[in-house]
Amino acid sequence: MSSRWTWRLLALPGVVWLSVFFLAAFYAVLAVAFGNQDSFSAPVPFWNPLDWNVGYALAVLRDIWSGGQYLTVFIRTFVFVAIAMVISLAIGYPVAYFAARHAGKRRGLVLLALILPFWINYLMRMLAWINLLSPDGWGTRVLHTVGIDRVFIWLGLLTSEGGWLDGQPSTVIIALVYGYVPFLILPLYASLDRIDQRQIEAARDLGASPRGAFFRVTLPLSVPGILAGSVLVALPMFGDYYTPDLVSASPKTNLIGNQIDQLTRQGSEKVTGAVLTIILALALLVLMVYYLRSTRSADDLAEA
Amino acid sequence: MVPRRMAHPKDRSGLTRRQLLHGAAGTVVGAGVLGVVAGCENTTQSIGGGTGETNKFVEAKPTGPKGLPLPRPDNSVTWAITEDNPAILEGRALEKGPLTIYNYADYVWPGLVKRFEKQFGTKVQIATYNSSDEAIAKLASGAVNFDVVIGLSGSNIDNLIAQQLLQPLNHSYLPNLEKNIWPELQDPFYDRGSRYTVPYVVWLDGIGWRNDKIKTDIAGMAVPWDIFWEAKPYRGKVGLLDDKRDALSMPMQRDALHSGATPDLNTEDPKLIAKAGADLAQLAGISNIKVTITDYQTLAEAKTWLHHSWSGDVLGAAIFYLPKGTKPDVLSFWGPDKNGVVQNDFLCVGRKSKRPVLAHTFVNFMLNEKNAYDNFVQQNGYLPPQNAIDGDALVKQGLIPKSLATAVVRPEQFSFNQELLQLSVAGERLWDDAWSKFKAG
C-alpha cells in the first residue's frame with residue numbers, strides 16, 4: 001500500500017508540470033482559437049467548449065481549401081522541413097555511424113566536439129552566420145574559393161555570387177539543418193551504439209559483404225533511431241520563425257511559424273494566429289502517431 | 001480589433017519573441033471535434049466592434065473602440081477630462097523617486113537619464129516594450145504601472161483614451177511645451193489642447209539608399225517610389241519596412257503621385273487596401289524584397305542598398321552605425337514633400353502614476369532644448385520637434401551629410417503629409433489581412 005503511494009508521489013511533479021505548462025497552456029490556446037476578440041484586438045478566450053465560436057477556424061480552413069495564403073505557407077513549410085530533414089540525415093547518419101562504430105576510445109571526444117558549438121545560444125550562432133555569409137564575409141569567401149556558390153548558381157539555388165543572404169530558400173534550409181542537426185545525431189548515435197556487435201559479426205560469418213551487412217542488419221536496426229532523430233528535428237523546424245527571419249526576411253521564405261508570430265504578436269488577427277497554431281499541432285500529431293506506430297513495429301521487428 | 005498595432009519605428013520584430021507552442025496533440029483532437037460539434041457560434045465579427053452612428057441624414061463614419069471618434073486632420077478631437085481621472089493641481093511639491101518609465105529599448109539616451117537623476121536627486125527606473133501592442137496590452141491589464149510612457153502614437157490614441165491608460169496633463173508643469181515645441185504640434189488634431197499627450201520625436205517615411213551602389217538619381221525621379229518596381233538590378237539588396245501601415249501606404253502614395261490625386265493613407269476602402277497588397281506582392285518577384293526594420297544596420301553595412309525607411313533610422317545609420325572607414329555621405333535619403341507619411345510619437349503620464357509631479361517634471365525636462373538636442377545626436381537619431389533645432393544648421397555643421405538633408409523633418413511637412421492614425425476595428429483587419437497575404441509570399 002505505502003510503496004504504491006510512494007510511486008504515485010514520484011510521478012506527481014511530472015504530472016503537475018504537464019498539467020500546468022502543457023495541458024492548461026494548450027487549453028488556453030484552444031479557448032483563444034475558438035473564442036473571439038474585443039474592440040481593442042485583445043483575444044477573448046471562450047473557456048466553455050459549449051460556447052466555442054468556430055468562425056475564425058472555418059475562415060482559415062476555407063482559405064486553405066481555396067488554395068489561399070495559409071495553404072501556400074503550409075506547403076512551403078512542409079517542403080522546407082522535408083528537405084532539411086533529408087539533408088540532416090545525410091549528414092547526421094555517417095557522423096553518428098562513425099562515432100558509434102569507428103571512433104573507439106575517442107567517441108566521447110567526437111561527441112563532445114559535435115555538441116560543443118551548441119553550448120552557444122541558437123540566436124548567437126545564427127547572427128554569426130549572418131556575418132559569415134554577408135557579401136564580404138569569411139564564409140562567403142571560402143564558399144567562393146571552393147566554387148560552391150557557382151555550383152549553387154548552376155543548380156538555380158542561388159541568384160548571384162555572394163548573395164547568400166538575398167532571401168534564398170537554400171540558405172534558410174541550410175541554416176535549419178545547421179541549427180538542428182545535433183538533435184538528430186545524438187539519438188541516432190545512441191541507437192547505433194546499442195546494436196549488438198555480434199549480429200553484424202554473424203551476418204559477416206554467414207557471407208554477407210560489409211555493404212550487405214550494413215543494409216540488411218545495421219540500417220534496419222537503426223530505424224528507431226532515425227525516426228526518433230527525425231521527429232526531434234522536425235518538431236522545432238516546423239515551429240521555427242527566427243531562422244528565416246534572420247537569414248532571409250523575404251516573404252518567399254516565410255514559414256508557418258512566421259505567419260503565427262506575425263498574427264499573434266500584434267495586429268487585429270490574434271485569434272487567427274491561435275487557429276493556425278492548432279492546425280499546425282494537428283498536422284504534427286499525425287506525424288507523431290505515424291512515428292509511434294513505426295517505432296513500435298520497428299521494435300517488434302528488432303525483437304523478432 | 002482595433003489597432004494596437006502601430007506604425008512605430010521602434011517596433012521590433014525578432015529576437016525577443018516567445019517560442020511557439022508545439023505538440024499538445026491529444027487534447028486538440030478531442031476538444032476540436034467537440035468544438036465543431038458544439039459550436040453554437042460561427043462569427044469573425046469581434047465583440048463590441050464599433051459601427052458608425054446611425055442617422056439617415058448622415059453618412060456613417062467609421063468609429064474606434066467604444067464608438068470613439070477616429071481623429072483626422074479634418075475631424076479633430078478634444079478628449080474629455082473625466083471626474084474619475086482628473087489632472088493634478090498646480091503648484092504641488094515634487095515627490096520622491098524613483099520615477100518609473102515605460103519605453104522602447106534604446107529610445108532615450110542613458111546620459112540624459114543620468115542628467116535628470118542628478119538634477120532632481122532621484123532615481124529613474126526604465127522598463128521596455130517591443131511593440132506598441134505589447135505596451136497597451138500590459139498597461140490595460142493593470143499589471144504594470146508607470147509614471148511616464150514614451151513612444152506610443154496617433155495610431156493607438158483611441159485605445160489609450162478608451163481604456164483610460166493616460167492621466168490628463170497639467171500644463172503649468174510643462175512650460176517648455178509652449179516655449180520650445182513646433183506650433184504645428186502644440187494643439188494637434190488628434191488631441192486638441194494637448195490634454196493627454198505631448199510630442200516626443202518626429203519622422204518621415206521615405207527611401208534610404210547607398211549612393212555608392214546605386215547610381216540612379218532617385219530623388220530626381222518623377223515618382224521616386226517607382227525605384228522599388230525597377231529594382232531588379234539590386235535583387236536581394238532591397239528592403240521594405242516591416243510594418244503593415246507604413247508598407248501598404250507606400251504603393252498608395254506611389255499611385256497618388258502618378259495620378260496627382262491626394263491619397264487617404266488611413267483609408268478603409270477594401271479595394272484600395274487589396275490593391276496596395278497586390279502591388280507589394282510584385283516586389284517579391286522583382287527584387288525578392290526583404291521585409292525588415294533593421295535598415296539602420298543593413299544600409300550602414302551595405303547589406304541592403306535600397307530601403308523603404310523611417311528618416312530617423314537613416315540618420316541613426318549615418319550617425320552611429322557606419323563601420324569604420326565608411327563615410328556618412330554614402331547614405332542618401334528622399335522623402336515626399338506632400339502626400340507622404342509624417343509621424344510623431346508621444347510623451348505621456350501614466351493614469352495611475354504615484355509621482356505625477358515628478359512625471360510632469362520629466363516630460364518638461366525632455367522638452368528642454370538642450371536635453372532634446374543631446375538625446376537626438378547622442379543616440380536616438382529621431383528628431384525632436386524643437387523650434388531651436390535647425391536642420392540646415394546641422395547640415396552646415398557637418399553633423400548630417402548633405403545627402404541626408406531631407407531626412408530632417410520640417411514643421412511644414414505636417415501640413416502637407418499625413419499621419420498614420422487609428423482605424424476602426426473592421427478597417428484595421430482589412431490592413432492586417434492584406435499584409436499577411438503579402439507576407440505569405
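Lettering of chains follows the sequences in order, A, B, ..., and the numbering in each one begins at 1.
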CD (Glu301(B)) and CD1 (Ile130(A)) are apart, to the nearest 0.5 Å, by 10.0 Å
Tell me whether Lys439(B) contacts the main-chain N or O of Asn258(A) through its side chain, where contact means a donor paired with an acceptor under 3.5 Å. no
So, applying side-chain contact (heavy atoms from CB on, under 4.5 Å) with Ser436(B), which one of Val73(A), Asn254(A), Leu263(A) is it? Leu263(A)
Say you draw a straight line from CG of Leu246(A) to OG1 of Thr294(B); how long is it, rounded to the nearest 0.5 Å? 9.5 Å
Hey, is the main chain of Gly267(A) close enough, under 3.5 Å, to the side chain of Asp432(B) for a donor-acceptor pair? no
Assert top hit (heavy-atom pairs under 4.5 Å, partner chain B, pool Ser248(A), Gly68(A), Pro251(A)) equals Pro251(A)
Which distance, rounded to the nearest 0.5 Å, do you find between the CZ of Arg429(B) and the OG1 of Thr272(A)? 6.5 Å
Scanning both residues in full, the closest heavy-atom pair of Ala249(A) with Thr292(B) reads CB-CG2, 3.6 Å
From Ser39(A) atom OG to Glu428(B) atom CD, the distance as rounded to the nearest 0.5 Å: 12.0 Å
Going from CG on Asp245(A) to CG on Asp242(B), what distance comes out if it is rounded to the nearest 0.5 angstrom? 7.5 Å
So, does Asn159(B) use its side chain to make a donor-acceptor pair with the main chain of Phe40(A) at under 3.5 Å? no
I need the single residue from Lys303(B), Lys237(B), Arg235(B) that forms a salt bridge (Lys or Arg N to Asp or Glu O under 4.0 Å) with Asp166(A). Which is it? Lys237(B)
Quick check on Lys437(B) against chain A: is it the side chain, the backbone, both or neither that has a heavy atom closer than 4.5 Å? both
Assess whether atom OH of Tyr290(A) is packed by more than 12 heavy atoms of other residues, nucleotides or ligands within 6.0 Å. no
